[in-house]
J.: 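The structure under discussion is supplied below as structure tokens; questions concerning it will follow.
Just so it is clear, the values below take in all heavy atoms, side chains as well, and ignore hydrogens, waters and symmetry mates.
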Amino acid sequence: MSGETQRKGVEGEFEERLRGMLSETAYAMGPPPVPYGTIRRQGVVERRRRVAAVGAVLVALAALPAGAYALGDGRHGRTGTAAPTPSASVSRGTAAAPSASPSGPERPVTKGQLLDGVTFGQAVDGLEKCLADDAKRVHPKGYADLGEVADYRIILAMRSTGDSNAPGDGVHVVAVTKDPAPRRIRLICAIVDGEAQGLNTSVGDEAPPDAGAVYPDINSGALYQQSFIDKGKWKLPFRWGIIGTVKPSVTKLAVSYGGGSGKAVVDHGWFVAYGTLDQQVTVAPHIKGYDAAGKLVYDSDRDESYAKTLP
């Protein structure tokens, strides 16, 4: 092989690897909030297939500090894990946990949405740190302020698994604004060693007007996959989650991933599904939604805008 041919081969391999890194990095960080609702419908199918956004990569390049953080009782308690109970049924949480005080965020509708020994206090602590870190950063003109911690409801908190692109295990905290008016905000906060390590945000209507009964969040990939670099070599067992919005007609969800069933919950117009993965996968979670009569009203396999194959 000539030197020129070998050089081109190396460059091609590097470019392919870089594209994969940029794609998965977009899941982890996300771009700064923009007037999302006005542009979302343009290219929805293509964006959900590719997911990556150049702005997200720019945000991901900023390094953040590290500190100390542990899972378990209290805000900084002993390490502990809680195994999920596999289920294909959805719960609307009729016996909701008590809400937080007016000065803090609301609790998730079920205790099961706080996973792996992560307490509500730890989840609040993580959310506070992500909002504080975002507030002290220099943002472009027109950047949407994310508000205060009391504006939010925490809908999921679980352990996160470090990978080649984002080393270090930690915690993911997912929060949404309690009142979607005047704007709806969804945050996925990454906490590693007690400090904010990434904040993925979505501002505006999560689903376009013509969306189906179930609309998976196109930017929640950090919750159910590891780095593209580690494809075929994910750390197992792997705690996964996926979120999105549902219409009031949806009364039951069935979510599976890697051949296993997860548990699904509806929380104030959002669905939250989670489970544990014990094998390598190439296909995204499979989601089905049913109405009160048991009729199938959504199947992600039939949703052309849902990215079924992982990067």
J.: Has the side chain of Ser160 got a donor or acceptor atom that lies under 3.5 Å from a matching backbone atom of Val171?
T.: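 Checked: pair present.
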J.: Could you tell me whether the side chain of Val265 reaches within less than 4.5 Å of the side chain of Gln113, counting heavy atoms only?
T.: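 Yes, their side chains come closer than 4.5 Å.
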J.: Side chains of residues 288-296: which donor-acceptor pairs under 3.5 Å do they make with residues two or more places apart or in other chains?
T.:
residue, atom, partner, partner atom, Å
Asp291, OD1, Ala293, N, 3.0
Asp291, OD1, Gly294, N, 3.1
Asp291, OD1, Lys295, N, 2.8

J.: Can you give me the closest heavy-atom contact between Lys129 and Ala196, atom names plus distance?
T.: O-CB, 4.0 Å
J.: Decide yes or no for Phe120 and Ile154: does some side-chain heavy atom of the first lie under 4.5 Å from some side-chain heavy atom of the second?
T.: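 Yes. Closest side-chain heavy atoms under 4.5 Å.
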J.: Are Val174 and Trp270 close enough that some pair of their side-chain heavy atoms sits under 4.5 Å apart?
T.: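 Of all side-chain heavy-atom pairs linking Trp270 with Val174, none is under 4.5 Å.
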J.: Quick one: does Leu146's side chain get under 4.5 Å of Leu199's, heavy atoms only?
T.: yes
J.: Pro180: what forms a side-chain contact (heavy atoms from CB on, under 4.5 Å) with it, not counting sequence neighbours?
T.: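 Once residues adjacent in sequence are excluded, the partners of Pro180 under the side-chain contact (heavy atoms from CB on, under 4.5 Å) criterion are Arg184.
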J.: Under the side chain to side chain contact (heavy atoms under 4.5 Å, CB included) rule, what do Trp240 and Val255 come out as? Steps first, then yes or no, please.
T.: CA-CA 12 Å; Trp240 63 268; Val255 182; 3.8 Å; yes
J.: Nearest heavy-atom pair of Leu277 and Gly258: which atoms, and what distance?
T.: CD1-CA, 3.8 Å
J.: Considering residues, nucleotides and ligands other than Glu148, do more than 12 of their heavy atoms fall under 6.0 Å from its CD?
T.: no
J.: Kindly write out the residues that satisfy side-chain hydrogen bond (donor to acceptor under 3.5 Å, both in side chains) with Ser164, not counting sequence neighbours, or none if the list is empty.
T.: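 In terms of side-chain hydrogen bond (donor to acceptor under 3.5 Å, both in side chains), with neighbours along the sequence ignored, Ser164 is linked to Asp230.
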J.: Between atom CZ of Phe228 and atom CG of Asp163, what is the distance when rounded to the nearest 0.5 Å?
T.: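 Separation between the atoms: 12.5 Å.
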J.: If the test is side-chain contact (heavy atoms from CB on, under 4.5 Å), which one of Ile155, Ile185, Ile243, Asp267 qualifies with Val176?
T.: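 Only match with Val176 under side-chain contact (heavy atoms from CB on, under 4.5 Å): Ile155.
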J.: Of all heavy-atom pairs between Met158 and Arg239, which one has the smallest distance, and what is that distance?
T.: SD-CG, 3.6 Å
J.: Over all heavy atoms of both residues, which pair between Val109 and Val266 is shortest? Give the atoms and the distance, please.
T.: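 Scanning both residues completely, I find the closest heavy atoms to be CG1-O, 3.7 Å.
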J.: Evaluate the side-chain proximity of Asp169 to Thr161: yes if any heavy-atom separation is below 4.5 Å, no if none is.
T.: yes
J.: What closest approach, in Å, do Tyr306 and Ser300 show between heavy atoms, and which atom pair accounts for it?
T.: CD2-CB, 3.5 Å
J.: How close do Tyr274 and Gly112 get, counting heavy atoms only, and between which atoms?
T.: OH-O, 3.2 Å
J.: Quick one: does Pro216's side chain get under 4.5 Å of Tyr298's, heavy atoms only?
T.: yes
J.: If a pair satisfies ring-ring contact (aromatic ring centres under 6.0 Å, His included) and one of its residues is in residues 148-169, list it, with sequence neighbours excluded.
T.: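 As it turns out, there is no ring-ring contact (aromatic ring centres under 6.0 Å, His included) pair with a partner in residues 148-169 once direct neighbours are skipped.
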J.: Once ring-ring contact (aromatic ring centres under 6.0 Å, His included) is applied, do any residues pair with Trp234, and if so which ones, sequence neighbours excluded?
T.: Phe238
J.: Taking side chain as C-beta onward, heavy atoms only, is Ile188 less than 4.5 Å from His172?
T.: yes
J.: With a 4.5 Å heavy-atom cut-off, do Leu236 and Asp278 have their side chains touching?
T.: no
J.: Who are the side-chain hydrogen bond (donor to acceptor under 3.5 Å, both in side chains) partners of Asp299, not counting sequence neighbours?
T.: His286
J.: Assess, by modelled atom type and distance only, whether the side chains of Arg186 and Asn200 contain a donor and an acceptor separated by less than 3.5 Å.
T.: yes
